[in-house]
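Single-structure report; data block below.
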2 protein chains.
Amino acid sequence: MARKTGSKSEITGPRIREAALSLFAQQGYAAVSMRQIARAVGVQAGALYLYTSDKQSLLFDLMRDHMDGLLAASAAEPKAATPLDRLQQFTRFHILYHLERPDAVFVSYMELRNLNPENFAAIEGLRRQYEQTLEAILKDGLAEGVFRLPDTKLATLALIAMLTGVNTWYRQGGRLGPDKIASIYWDMVRKAVAA
Amino acid sequence: MARKTGSKSEITGPRIREAALSLFAQQGYAAVSMRQIARAVGVQAGALYLYTSDKQSLLFDLMRDHMDGLLAASAAEPKAATPLDRLQQFTRFHILYHLERPDAVFVSYMELRNLNPENFAAIEGLRRQYEQTLEAILKDGLAEGVFRLPDTKLATLALIAMLTGVNTWYRQGGRLGPDKIASIYWDMVRKAVAA
DNA sequence: GTCTATATGCTGATAGAC
DNA sequence: GTCTATCAGCATATAGAC
(Lines give C-alpha, C1' and ligand atoms only; values in the text may rest on other atoms or scores of the structure.)
Protein backbone atom coordinates (compact mmCIF):
# COMPACT_ATOMS: atom_id res chain seq x y z
CA MET A 1 0.00 0.00 0.00
CA ALA A 2 1.02 3.57 -0.55
CA ARG A 3 0.44 4.62 3.04
CA LYS A 4 3.50 6.31 4.56
CA THR A 5 5.11 4.68 7.56
CA GLY A 6 3.82 5.97 10.85
CA SER A 7 1.22 8.23 9.30
CA LYS A 8 -2.06 7.87 11.12
CA SER A 9 -3.42 11.31 10.52
CA GLU A 10 -6.17 10.12 8.24
CA ILE A 11 -7.94 8.31 11.06
CA THR A 12 -6.81 10.06 14.23
CA GLY A 13 -8.89 13.17 13.58
CA PRO A 14 -12.21 11.34 13.25
CA ARG A 15 -11.36 9.12 16.20
CA ILE A 16 -10.78 12.18 18.37
CA ARG A 17 -14.18 13.55 17.41
CA GLU A 18 -15.87 10.20 18.09
CA ALA A 19 -14.23 9.88 21.48
CA ALA A 20 -15.03 13.47 22.40
CA LEU A 21 -18.66 13.08 21.37
CA SER A 22 -19.08 9.95 23.43
CA LEU A 23 -17.37 11.40 26.50
CA PHE A 24 -19.17 14.75 26.29
CA ALA A 25 -22.49 12.91 26.11
CA GLN A 26 -21.71 10.74 29.10
CA GLN A 27 -20.07 13.21 31.44
CA GLY A 28 -20.63 16.67 30.00
CA TYR A 29 -18.23 19.02 28.26
CA ALA A 30 -16.95 20.75 31.38
CA ALA A 31 -16.34 17.48 33.22
CA VAL A 32 -14.27 15.89 30.44
CA SER A 33 -10.55 16.67 30.23
CA MET A 34 -8.40 16.73 27.13
CA ARG A 35 -6.34 13.98 28.79
CA GLN A 36 -9.41 11.76 28.97
CA ILE A 37 -10.12 12.25 25.28
CA ALA A 38 -6.48 11.52 24.42
CA ARG A 39 -6.54 8.37 26.54
CA ALA A 40 -9.68 7.12 24.78
CA VAL A 41 -8.00 7.61 21.40
CA GLY A 42 -4.68 6.18 22.50
CA VAL A 43 -2.47 9.25 22.07
CA GLN A 44 -0.93 11.78 24.42
CA ALA A 45 -2.78 14.96 25.26
CA GLY A 46 -0.44 17.17 23.28
CA ALA A 47 -1.21 15.32 20.07
CA LEU A 48 -4.86 16.45 20.17
CA TYR A 49 -3.81 19.99 19.34
CA LEU A 50 -2.70 18.88 15.87
CA TYR A 51 -6.38 18.32 15.07
CA THR A 52 -8.19 20.97 17.04
CA SER A 53 -7.14 24.46 18.05
CA ASP A 54 -8.71 24.08 21.48
CA LYS A 55 -11.42 22.34 23.47
CA GLN A 56 -14.09 24.88 22.53
CA SER A 57 -13.54 24.26 18.80
CA LEU A 58 -13.85 20.55 19.38
CA LEU A 59 -17.29 21.04 20.92
CA PHE A 60 -18.40 23.52 18.30
CA ASP A 61 -17.33 21.29 15.40
CA LEU A 62 -19.30 18.38 16.82
CA MET A 63 -22.43 20.45 17.17
CA ARG A 64 -22.12 22.13 13.79
CA ASP A 65 -21.51 18.80 12.07
CA HIS A 66 -24.63 17.42 13.72
CA MET A 67 -26.79 20.33 12.66
CA ASP A 68 -25.37 20.32 9.14
CA GLY A 69 -26.10 16.61 8.82
CA LEU A 70 -29.62 17.07 10.13
CA LEU A 71 -30.39 19.86 7.70
CA ALA A 72 -28.86 17.97 4.76
CA ALA A 73 -30.76 14.80 5.55
CA SER A 74 -33.98 16.74 6.01
CA ALA A 75 -33.53 18.48 2.67
CA ALA A 76 -32.78 15.14 0.98
CA GLU A 77 -36.13 13.64 1.99
CA PRO A 78 -38.51 13.05 -0.93
CA LYS A 79 -41.11 15.80 -1.09
CA ALA A 80 -44.59 14.60 -0.23
CA ALA A 81 -47.51 16.33 -1.91
CA THR A 82 -49.95 17.38 0.81
CA PRO A 83 -49.28 19.14 4.12
CA LEU A 84 -50.60 16.10 5.97
CA ASP A 85 -48.21 13.76 4.17
CA ARG A 86 -45.34 16.18 4.65
CA LEU A 87 -46.09 16.38 8.37
CA GLN A 88 -46.14 12.61 8.63
CA GLN A 89 -42.83 12.43 6.79
CA PHE A 90 -41.30 15.06 9.07
CA THR A 91 -42.49 13.23 12.17
CA ARG A 92 -41.00 9.91 11.10
CA PHE A 93 -37.80 11.49 9.83
CA HIS A 94 -37.23 13.48 13.00
CA ILE A 95 -37.73 10.54 15.34
CA LEU A 96 -35.68 8.05 13.31
CA TYR A 97 -32.83 10.44 12.57
CA HIS A 98 -32.54 11.50 16.21
CA LEU A 99 -32.79 7.97 17.59
CA GLU A 100 -29.87 6.92 15.38
CA ARG A 101 -27.44 9.45 16.90
CA PRO A 102 -28.33 9.88 20.56
CA ASP A 103 -24.92 11.22 21.60
CA ALA A 104 -24.87 14.01 19.02
CA VAL A 105 -28.45 14.97 19.89
CA PHE A 106 -27.73 14.97 23.60
CA VAL A 107 -24.58 17.08 23.27
CA SER A 108 -26.25 19.50 20.86
CA TYR A 109 -29.05 20.17 23.35
CA MET A 110 -27.16 20.07 26.64
CA GLU A 111 -23.94 21.86 25.86
CA LEU A 112 -25.31 25.01 24.26
CA ARG A 113 -24.38 27.05 27.32
CA ASN A 114 -20.74 25.97 26.97
CA LEU A 115 -20.40 27.56 23.55
CA ASN A 116 -18.89 31.01 23.36
CA PRO A 117 -21.31 33.70 22.11
CA GLU A 118 -20.20 33.55 18.50
CA ASN A 119 -20.43 29.77 18.28
CA PHE A 120 -23.74 29.81 20.12
CA ALA A 121 -25.23 32.17 17.58
CA ALA A 122 -24.09 29.94 14.73
CA ILE A 123 -25.71 26.82 16.20
CA GLU A 124 -28.87 28.70 17.10
CA GLY A 125 -29.16 29.84 13.50
CA LEU A 126 -28.99 26.27 12.23
CA ARG A 127 -31.52 25.13 14.79
CA ARG A 128 -33.96 27.84 13.74
CA GLN A 129 -33.46 26.87 10.14
CA TYR A 130 -34.53 23.32 10.96
CA GLU A 131 -37.55 24.51 12.93
CA GLN A 132 -38.65 26.52 9.92
CA THR A 133 -38.99 23.41 7.81
CA LEU A 134 -41.68 22.24 10.22
CA GLU A 135 -43.27 25.64 10.57
CA ALA A 136 -43.59 25.89 6.78
CA ILE A 137 -45.55 22.64 6.72
CA LEU A 138 -47.88 23.84 9.45
CA LYS A 139 -48.47 27.16 7.71
CA ASP A 140 -49.29 25.46 4.42
CA GLY A 141 -51.72 23.10 6.09
CA LEU A 142 -53.31 25.99 7.93
CA ALA A 143 -53.76 27.94 4.68
CA GLU A 144 -55.36 24.92 3.03
CA GLY A 145 -57.67 24.40 5.98
CA VAL A 146 -56.51 20.87 6.76
CA PHE A 147 -54.91 21.96 10.05
CA ARG A 148 -56.33 24.08 12.83
CA LEU A 149 -53.75 25.62 15.15
CA PRO A 150 -54.04 28.34 17.77
CA ASP A 151 -50.44 29.48 17.10
CA THR A 152 -48.10 28.22 14.39
CA LYS A 153 -44.87 29.16 16.15
CA LEU A 154 -45.86 27.55 19.43
CA ALA A 155 -47.12 24.46 17.65
CA THR A 156 -43.74 24.13 15.93
CA LEU A 157 -41.84 24.32 19.19
CA ALA A 158 -44.32 22.06 20.99
CA LEU A 159 -44.14 19.33 18.35
CA ILE A 160 -40.35 19.39 18.12
CA ALA A 161 -40.02 19.19 21.91
CA MET A 162 -42.43 16.26 21.94
CA LEU A 163 -40.61 14.40 19.17
CA THR A 164 -37.11 15.03 20.45
CA GLY A 165 -38.25 13.90 23.89
CA VAL A 166 -38.22 10.33 22.61
CA ASN A 167 -34.44 10.41 22.94
CA THR A 168 -34.64 10.92 26.69
CA TRP A 169 -36.32 7.60 27.39
CA TYR A 170 -35.67 5.34 24.38
CA ARG A 171 -33.37 2.39 25.02
CA GLN A 172 -32.41 -0.20 22.44
CA GLY A 173 -34.13 -3.52 22.98
CA GLY A 174 -37.04 -1.87 24.78
CA ARG A 175 -40.73 -2.61 24.44
CA LEU A 176 -41.11 -0.69 21.18
CA GLY A 177 -38.85 -0.24 18.15
CA PRO A 178 -38.26 3.10 16.39
CA ASP A 179 -40.80 2.39 13.63
CA LYS A 180 -43.57 1.58 16.06
CA ILE A 181 -42.70 4.60 18.19
CA ALA A 182 -42.85 6.84 15.13
CA SER A 183 -46.32 5.48 14.31
CA ILE A 184 -47.61 6.12 17.81
CA TYR A 185 -46.25 9.66 17.84
CA TRP A 186 -47.68 10.32 14.41
CA ASP A 187 -51.11 9.46 15.73
CA MET A 188 -50.78 12.12 18.43
CA VAL A 189 -49.21 14.72 16.14
CA ARG A 190 -51.90 14.25 13.52
CA LYS A 191 -54.70 14.74 16.00
CA ALA A 192 -53.05 17.68 17.76
CA VAL A 193 -53.04 19.77 14.58
CA ALA A 194 -56.25 18.44 13.04
CA ALA A 195 -58.95 20.83 11.85
CA MET B 1 -34.05 41.26 69.10
CA ALA B 2 -32.75 38.02 70.48
CA ARG B 3 -30.41 37.43 67.59
CA LYS B 4 -26.90 36.61 68.73
CA THR B 5 -24.10 38.93 67.68
CA GLY B 6 -22.40 37.90 64.47
CA SER B 7 -24.71 34.97 63.84
CA LYS B 8 -25.72 34.87 60.21
CA SER B 9 -26.34 31.17 59.96
CA GLU B 10 -30.09 31.55 59.54
CA ILE B 11 -29.71 33.18 56.15
CA THR B 12 -26.36 31.97 54.84
CA GLY B 13 -27.60 28.44 54.16
CA PRO B 14 -30.47 29.52 51.90
CA ARG B 15 -28.27 32.10 50.18
CA ILE B 16 -25.75 29.41 49.34
CA ARG B 17 -28.45 27.27 47.76
CA GLU B 18 -29.83 30.22 45.81
CA ALA B 19 -26.40 31.16 44.49
CA ALA B 20 -25.56 27.57 43.62
CA LEU B 21 -28.86 27.08 41.79
CA SER B 22 -28.36 30.21 39.74
CA LEU B 23 -24.74 29.41 38.88
CA PHE B 24 -25.44 25.75 38.10
CA ALA B 25 -28.22 26.83 35.75
CA GLN B 26 -26.05 29.35 33.95
CA GLN B 27 -22.78 27.48 33.66
CA GLY B 28 -23.43 23.88 34.61
CA TYR B 29 -22.52 21.96 37.75
CA ALA B 30 -19.10 20.80 36.56
CA ALA B 31 -18.08 24.26 35.39
CA VAL B 32 -18.93 26.01 38.66
CA SER B 33 -16.36 26.01 41.47
CA MET B 34 -17.04 26.17 45.17
CA ARG B 35 -15.04 29.39 45.22
CA GLN B 36 -17.46 30.92 42.70
CA ILE B 37 -20.43 30.03 44.87
CA ALA B 38 -18.70 31.44 47.93
CA ARG B 39 -17.90 34.67 46.10
CA ALA B 40 -21.54 35.08 45.05
CA VAL B 41 -22.66 34.70 48.67
CA GLY B 42 -19.90 36.88 50.06
CA VAL B 43 -18.07 34.32 52.18
CA GLN B 44 -14.85 32.36 51.83
CA ALA B 45 -14.85 28.91 50.26
CA GLY B 46 -14.17 27.12 53.53
CA ALA B 47 -17.35 28.52 55.06
CA LEU B 48 -19.54 26.65 52.57
CA TYR B 49 -18.66 23.37 54.23
CA LEU B 50 -20.54 24.42 57.34
CA TYR B 51 -23.73 24.11 55.31
CA THR B 52 -23.06 21.30 52.89
CA SER B 53 -20.91 18.22 53.22
CA ASP B 54 -19.67 18.49 49.65
CA LYS B 55 -20.50 19.79 46.18
CA GLN B 56 -22.46 16.68 45.25
CA SER B 57 -24.81 17.09 48.21
CA LEU B 58 -25.40 20.70 47.24
CA LEU B 59 -26.58 19.61 43.79
CA PHE B 60 -28.66 16.74 45.11
CA ASP B 61 -30.41 18.89 47.72
CA LEU B 62 -31.38 21.43 45.06
CA MET B 63 -32.84 18.77 42.83
CA ARG B 64 -34.63 16.92 45.58
CA ASP B 65 -36.13 20.14 46.94
CA HIS B 66 -37.40 20.97 43.47
CA MET B 67 -39.01 17.57 42.98
CA ASP B 68 -40.49 17.57 46.48
CA GLY B 69 -41.99 20.99 45.85
CA LEU B 70 -43.38 19.90 42.52
CA LEU B 71 -45.02 16.81 43.97
CA ALA B 72 -46.42 18.70 46.95
CA ALA B 73 -47.87 21.47 44.77
CA SER B 74 -49.32 18.93 42.37
CA ALA B 75 -50.97 17.04 45.23
CA ALA B 76 -52.35 20.29 46.65
CA GLU B 77 -54.25 21.14 43.45
CA PRO B 78 -58.03 20.93 43.79
CA LYS B 79 -59.35 17.70 42.35
CA ALA B 80 -61.40 18.18 39.20
CA ALA B 81 -64.19 15.71 38.51
CA THR B 82 -63.73 14.41 34.99
CA PRO B 83 -60.58 13.12 33.27
CA LEU B 84 -60.84 15.97 30.75
CA ASP B 85 -60.97 18.60 33.49
CA ARG B 86 -58.16 16.91 35.37
CA LEU B 87 -56.03 16.88 32.22
CA GLN B 88 -56.68 20.55 31.66
CA GLN B 89 -55.75 21.28 35.24
CA PHE B 90 -52.55 19.24 34.94
CA THR B 91 -51.59 21.06 31.74
CA ARG B 92 -52.03 24.49 33.25
CA PHE B 93 -50.38 23.54 36.53
CA HIS B 94 -47.36 22.00 34.84
CA ILE B 95 -46.70 24.96 32.57
CA LEU B 96 -47.24 27.64 35.21
CA TYR B 97 -45.29 25.87 37.94
CA HIS B 98 -42.32 25.23 35.66
CA LEU B 99 -42.28 28.73 34.18
CA GLU B 100 -42.05 30.17 37.70
CA ARG B 101 -38.79 28.37 38.54
CA PRO B 102 -36.75 28.07 35.35
CA ASP B 103 -33.40 27.59 37.10
CA ALA B 104 -34.58 24.67 39.22
CA VAL B 105 -36.23 23.03 36.21
CA PHE B 106 -33.15 23.49 34.08
CA VAL B 107 -30.78 22.09 36.68
CA SER B 108 -33.08 19.18 37.46
CA TYR B 109 -33.13 18.12 33.81
CA MET B 110 -29.56 18.91 32.76
CA GLU B 111 -27.53 17.78 35.72
CA LEU B 112 -28.91 14.29 36.19
CA ARG B 113 -25.70 12.77 34.85
CA ASN B 114 -23.68 14.56 37.52
CA LEU B 115 -25.52 12.81 40.35
CA ASN B 116 -23.88 9.77 41.86
CA PRO B 117 -25.84 6.53 41.31
CA GLU B 118 -27.62 6.61 44.65
CA ASN B 119 -28.74 10.21 44.29
CA PHE B 120 -29.71 9.63 40.66
CA ALA B 121 -32.00 6.78 41.66
CA ALA B 122 -33.69 8.96 44.26
CA ILE B 123 -34.42 11.78 41.81
CA GLU B 124 -35.56 9.36 39.13
CA GLY B 125 -38.02 7.86 41.58
CA LEU B 126 -39.55 11.27 42.29
CA ARG B 127 -39.73 12.05 38.60
CA ARG B 128 -41.55 8.80 37.88
CA GLN B 129 -43.93 9.54 40.71
CA TYR B 130 -44.84 12.83 39.07
CA GLU B 131 -45.28 11.21 35.67
CA GLN B 132 -47.68 8.75 37.21
CA THR B 133 -50.06 11.52 38.20
CA LEU B 134 -50.47 12.30 34.49
CA GLU B 135 -50.59 8.67 33.45
CA ALA B 136 -53.40 8.02 35.94
CA ILE B 137 -55.46 10.76 34.33
CA LEU B 138 -54.90 9.34 30.86
CA LYS B 139 -55.79 5.82 31.99
CA ASP B 140 -59.01 7.00 33.60
CA GLY B 141 -60.02 8.92 30.51
CA LEU B 142 -59.21 5.93 28.36
CA ALA B 143 -61.36 3.67 30.53
CA GLU B 144 -64.26 6.10 30.31
CA GLY B 145 -63.90 6.37 26.56
CA VAL B 146 -63.33 10.12 26.51
CA PHE B 147 -59.70 9.70 25.38
CA ARG B 148 -58.28 7.58 22.60
CA LEU B 149 -54.57 6.85 22.88
CA PRO B 150 -52.34 4.38 21.06
CA ASP B 151 -50.11 3.97 24.15
CA THR B 152 -50.67 5.45 27.60
CA LYS B 153 -47.03 5.39 28.69
CA LEU B 154 -45.77 7.05 25.50
CA ALA B 155 -48.52 9.62 25.63
CA THR B 156 -47.49 10.51 29.18
CA LEU B 157 -43.86 11.03 28.19
CA ALA B 158 -44.80 12.84 25.00
CA LEU B 159 -47.10 15.30 26.74
CA ILE B 160 -44.65 16.04 29.56
CA ALA B 161 -41.84 16.64 27.07
CA MET B 162 -44.08 18.97 25.11
CA LEU B 163 -45.18 20.94 28.18
CA THR B 164 -41.74 21.19 29.76
CA GLY B 165 -40.38 22.34 26.43
CA VAL B 166 -42.00 25.71 27.03
CA ASN B 167 -39.18 26.47 29.44
CA THR B 168 -36.58 26.26 26.66
CA TRP B 169 -37.96 29.19 24.71
CA TYR B 170 -40.09 31.26 27.12
CA ARG B 171 -38.72 34.68 27.99
CA GLN B 172 -40.39 37.18 30.26
CA GLY B 173 -41.91 40.09 28.38
CA GLY B 174 -42.30 38.02 25.23
CA ARG B 175 -45.22 37.92 22.84
CA LEU B 176 -47.34 35.67 25.06
CA GLY B 177 -47.82 35.45 28.81
CA PRO B 178 -47.93 32.19 30.79
CA ASP B 179 -51.74 32.07 30.93
CA LYS B 180 -52.12 32.49 27.19
CA ILE B 181 -49.39 29.92 26.54
CA ALA B 182 -51.15 27.44 28.81
CA SER B 183 -54.38 27.96 26.87
CA ILE B 184 -52.68 27.35 23.53
CA TYR B 185 -50.98 24.22 24.77
CA TRP B 186 -54.22 22.96 26.28
CA ASP B 187 -55.81 23.17 22.87
CA MET B 188 -53.14 20.90 21.41
CA VAL B 189 -53.10 18.50 24.37
CA ARG B 190 -56.88 18.14 24.33
CA LYS B 191 -56.96 17.29 20.66
CA ALA B 192 -53.95 14.94 20.81
CA VAL B 193 -55.71 12.63 23.28
CA ALA B 194 -59.28 13.10 22.00
CA ALA B 195 -61.44 10.07 21.17
C1' DG C 1 2.75 12.76 13.86
C1' DT C 2 3.53 11.78 18.34
C1' DC C 3 6.05 12.06 22.37
C1' DT C 4 7.75 14.03 27.03
C1' DA C 5 8.25 17.85 29.87
C1' DT C 6 6.62 21.90 31.54
C1' DA C 7 4.30 26.59 32.53
C1' DT C 8 0.69 28.56 34.97
C1' DG C 9 -3.29 28.39 37.33
C1' DC C 10 -7.44 26.47 39.36
C1' DT C 11 -9.77 22.49 41.86
C1' DG C 12 -12.33 20.32 46.26
C1' DA C 13 -11.63 19.88 50.72
C1' DT C 14 -9.44 20.38 55.46
C1' DA C 15 -6.96 22.43 59.72
C1' DG C 16 -6.65 25.62 62.92
C1' DA C 17 -6.66 30.80 64.34
C1' DC C 18 -9.90 34.09 65.97
C1' DG D 1 -19.44 31.29 62.01
C1' DT D 2 -15.96 32.83 59.25
C1' DC D 3 -11.40 33.45 58.12
C1' DT D 4 -6.56 32.34 56.20
C1' DA D 5 -3.42 29.02 54.77
C1' DT D 6 -2.57 24.90 52.77
C1' DC D 7 -2.57 20.11 50.59
C1' DA D 8 -2.40 17.22 46.69
C1' DG D 9 -3.91 16.94 42.30
C1' DC D 10 -5.62 18.07 37.78
C1' DA D 11 -6.70 21.61 34.15
C1' DT D 12 -5.49 23.69 29.25
C1' DA D 13 -2.11 24.62 26.32
C1' DT D 14 2.67 25.00 24.48
C1' DA D 15 7.78 23.88 23.38
C1' DG D 16 10.92 21.16 21.62
C1' DA D 17 13.02 16.28 21.07
C1' DC D 18 12.64 12.49 17.95
Side-chain angles (χ1 to χ4, degrees), chain A residues 1-21 23-24 26-63 107 111 113-116 118-119, chain B residues 1-24 26-63 107 111 113-119:
Chain A
M1 306 299 178
R3 178 115 82 80
K4 293 189 187 107
T5 320
S7 170
K8 293 180 184 170
S9 71
E10 299 130 28
I11 54 168
T12 302
R15 287 186 61 213
I16 288 171
R17 285 195 291 278
E18 283 164 29
L21 181 63
L23 286 167
F24 289 166
Q26 286 167 49
Q27 308 181 39
Y29 172 77
V32 172
S33 71
M34 295 297 271
R35 282 174 178 78
Q36 261 183 287
I37 297 169
R39 203 179 311 135
V41 175
V43 297
Q44 293 294 319
L48 297 182
Y49 291 88
L50 295 169
Y51 302 93
T52 184
S53 57
D54 53 19
K55 197 184 174 190
Q56 168 74 203
S57 295
L58 193 47
L59 175 63
F60 175 64
D61 288 347
L62 290 172
M63 294 175 68
V107 169
E111 304 296 355
R113 65 185 161 187
N114 286 307
L115 292 173
N116 66 35
E118 184 187 358
N119 289 343
Chain B
M1 305 300 174
R3 176 114 84 78
K4 292 188 187 112
T5 320
S7 171
K8 293 180 184 169
S9 71
E10 299 130 28
I11 54 167
T12 303
R15 288 186 61 214
I16 289 171
R17 285 194 291 278
E18 282 164 30
L21 181 63
S22 172
L23 286 167
F24 289 165
Q26 285 168 51
Q27 309 182 37
Y29 172 77
V32 173
S33 70
M34 295 298 271
R35 280 172 179 79
Q36 261 183 288
I37 298 168
R39 204 179 310 134
V41 175
V43 298
Q44 293 294 318
L48 298 182
Y49 291 89
L50 295 168
Y51 302 93
T52 184
S53 57
D54 53 21
K55 198 184 173 190
Q56 169 74 202
S57 294
L58 193 47
L59 175 63
F60 175 63
D61 287 347
L62 290 172
M63 294 175 69
V107 169
E111 304 297 355
R113 65 185 160 187
N114 285 307
L115 292 173
N116 67 34
E118 185 187 358
N119 289 343

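All values below come from the heavy atoms of this structure, side chains included, with hydrogens, waters and symmetry mates left out. Protein chains get the first letters and strands the later ones, always in sequence-line order, with residue 1 at the start of each.
- If you measure from atom CZ of A:R39 to atom P of C:dT2, you get 18 Å, rounded to the nearest angstrom.
- With A:Q36 contributing its side chain and A:A20 its backbone, the two residues share no donor-acceptor pair below 3.5 Å.
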Show your reasoning for whether salt bridge (charged side-chain N to carboxylate O under 4.0 Å, His left out) applies to B:K55 and B:E111.
CA-CA 13 Å; B:K55 198 184 173 190; B:E111 304 297 355; over 6 Å; no

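- Taking side-chain N and O atoms only, A:S33 has a distance below 4.0 Å to OP1 or OP2 of D:dA11.
- Of the residues near DNA chain D, B:A47 and A:G46, the one whose nearest nucleotide (by heavy atom distance) lies more toward the 5' end is B:A47.
- Rounding to whole angstrom units, CG of residue B:L58 and C1' of C:dT11 are separated by 16 Å.
- A:I37 has its side chain within reach of A:L58: a pair of non-hydrogen atoms, C-beta onward, lies under 4.5 Å apart.
- Between A:Q44 and C:dT2, a side-chain N or O to OP1/OP2 separation shorter than 4.0 Å is absent.
- The side chain of A:T12 contributes an N or O atom lying less than 4.0 Å from OP1 or OP2 of C:dT2.
- Rounding to whole angstrom units, CD1 of residue B:I37 and C1' of D:dT2 are separated by 17 Å.
- Closest to the B:R35 side chain, of the nucleotides D:dT4, C:dA13, C:dT2, is C:dA13.
- Comparing D:dC3, C:dT2, C:dT11 against the side chain of A:Y51 picks out C:dT2 as the nearest.
- For B:L50, taking side-chain heavy atoms from C-beta onward, the closest of the listed nucleotides D:dG1, D:dC3, C:dC3 is D:dG1.
- Between the P atom of D:dT14 and the CG atom of A:L48 lies a distance of 12 Å, rounded to the nearest Å.
- With hydrogens and angles left out, the side-chain atoms of B:S22 and B:Q26 include a donor and acceptor closer than 3.5 Å.
- Distance, B:D54 CG to C:dT14 P: 8 Å, rounded to whole Å.
- Between the CD1 atom of B:I11 and the P atom of D:dT2 there is a distance of 9 Å, rounded to whole Å.
- Within 4.0 Å (heavy atoms only), A:V41 reaches no atom of the nucleic acid at all.
- A side-chain donor-acceptor contact under 3.5 Å links A:Y29 to the backbone of A:Q56.
- Side-chain proximity of B:Y49 to C:dG12, D:dT2, D:dT4: nearest is C:dG12.
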